[in-house]
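These notes are about the structure you will find just below.
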Amino acid sequence: MSDPVLEPALDLTAFWDALDGVPTAADAEALFVAGGASGPGSPAAGALRRANLDRYLRRFGPAADTILVAEAPGWRGMTNTGIPFTSMRELQDPDGLFADVPFALPPEPTAPWEASSRVVHAALRGWHGPLPVLWAVFPHHPFVAPDRLTNRTPRPAEVRDGAPVALALAEAVNARRFVAVGRKAQGALASAGIDAIAVRHPAQGGATQFTQQLAALR
């Protein structure tokens, strides 16, 4: 029997090819490499994140007309779950946006929650119509070497390398609008030739403004 939450008609081949082709620097972690041993930074963890992302896109992608874009994954959220703006807290929320989707849970998450993920999910509860697809313009996790439990701003070259993935995602789900979360994300998209509406990043006191600006786009 097929899984009722999946949409097998969605063709993600070009998206996965573009994602797998993004180069990874020594101070960036490729999140979606599959196979191998266990552990937070292992290939087995990559397989779990890949499966979660695939399930997420097949569930929410077919109806979406908007892509909500972060700059890069954070170590407290997407690096655990495989889904942008989603930490363990949102993944397991029985009343949350993903309550009806059977995502896999990493056995050794690096953090239980991420502040920005909480704000984004709370704001999207009031969204009218199909939810936006969440993404990060640089899909690898950039960190301050040697500590993987840190975040750094992606370099311009990394952003350029990641931009084709965002375009492939937009084509796969037939999205027509990019919304950048923060000016850095907007600038990253612009440098790759992608025009995006900017909303305030929810971090550092921006939660209220972010929520208001996102509500205006519903």
Side-chain angles (χ1 to χ4, degrees), residues 2-10 12 15 31-32 48-106 109-137 139 141 165-166 169-170 172-182 185 196-203 206-218:
S2 62
D3 189 329
V5 303
L6 297 184
E7 295 283 350
L10 188 66
L12 294 172
F15 165 76
L31 299 181
F32 302 101
L48 183 149
R49 289 187 289 259
R50 193 179 186 97
N52 277 353
L53 179 59
D54 188 77
R55 185 175 293 271
Y56 165 72
L57 293 176
R58 293 186 184 279
R59 171 65 175 82
F60 295 99
D65 64 2
T66 298
I67 300 181
L68 191 66
V69 186
E71 186 180 32
W75 72 269
R76 300 184 66 91
M78 186 177 174
T79 59
N80 289 306
T81 66
I83 304 169
F85 289 119
T86 303
S87 68
M88 294 297 297
R89 177 170 53 191
E90 289 73 41
L91 201 70
Q92 300 176 89
D93 184 353
D95 300 314
L97 302 176
F98 302 158
D100 66 338
V101 187
F103 290 118
L105 301 178
T110 57
W113 57 270
E114 180 183 63
S116 293
S117 293
R118 179 187 62 80
V119 176
V120 170
H121 276 247
L124 288 176
R125 286 178 183 267
W127 190 267
H128 301 310
L131 289 173
V133 165
L134 308 176
W135 189 238
V137 65
H141 169 228
V165 186
L169 177 59
V173 304
N174 202 30
R176 293 289 180 259
R177 179 171 65 168
F178 283 93
V179 177
V181 180
I197 301 166
V199 295
R200 173 75 157 84
H201 196 287
T208 298
Q209 188 177 2
F210 165 81
T211 301
Q212 293 170 343
Q213 290 177 334
L214 197 65
L217 297 174
R218 295 193 298 221

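Given the structure is predicted, the values throughout are model-derived calculations rather than measurements.
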Listed partners of Phe60 passing ring-ring contact (aromatic ring centres under 6.0 Å, His included), at least two apart: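 ring-ring contact (aromatic ring centres under 6.0 Å, His included) check on Phe60 returns Tyr56, Phe98.
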Could you pull out all residues at least two apart from [X] that satisfy side-chain contact (heavy atoms from CB on, under 4.5 Å)?
X	result
Gln212	Thr208
Ala207	Val119
Ala115	Trp113
Ala185	Glu71, Ala180

Could you tell me whether a side-chain N or O of [X] sits under 3.5 Å from a main-chain N or O of [Y], the two making a donor and an acceptor?
X	Y	value
Thr81	Met88	no
Arg218	Gly126	yes
His121	Leu91	no
Asn80	Thr110	yes
Arg200	Gln209	no

Partner set under side-chain hydrogen bond (donor to acceptor under 3.5 Å, both in side chains) for [X], not counting sequence neighbours:
X	value
Arg177	Thr66
His201	none
Glu90	Ser87
Asn174	Arg176

Residues that Arg50 engages under salt bridge (Lys or Arg N to Asp or Glu O under 4.0 Å), provided they are two or more places apart: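 Salt bridge (Lys or Arg N to Asp or Glu O under 4.0 Å) list for Arg50, sorted by chain: Asp20.
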Partner set under salt bridge (Lys or Arg N to Asp or Glu O under 4.0 Å) for Arg125, not counting sequence neighbours: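 Result, salt bridge (Lys or Arg N to Asp or Glu O under 4.0 Å) vs Arg125: Asp93.
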Residue pair Met78, His141: steps toward the side chain to side chain contact (heavy atoms under 4.5 Å, CB included) verdict: CA-CA 9 Å; Met78 186 177 174; His141 169 228; over 6 Å; no
Result of checking Val69, Leu124, Ile67 against Pro132 for side chain to side chain contact (heavy atoms under 4.5 Å, CB included):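 Single side chain to side chain contact (heavy atoms under 4.5 Å, CB included) partner of Pro132 among Val69, Leu124, Ile67: Leu124.
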Full working for side chain to side chain contact (heavy atoms under 4.5 Å, CB included) between Leu53 and Trp135: CA-CA 10 Å; Leu53 179 59; Trp135 189 238; 3.7 Å; yes
Phe103 CZ to Thr86 OG1 distance, which is reported to the nearest 0.5 Å: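 Nearest 0.5 Å value for the CZ-OG1 distance: 7.5 Å.
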Atom pair CZ/CG of Arg49 and Leu31 - distance to nearest 0.5 Å: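 Nearest 0.5 Å value for the CZ-CG distance: 5.0 Å.
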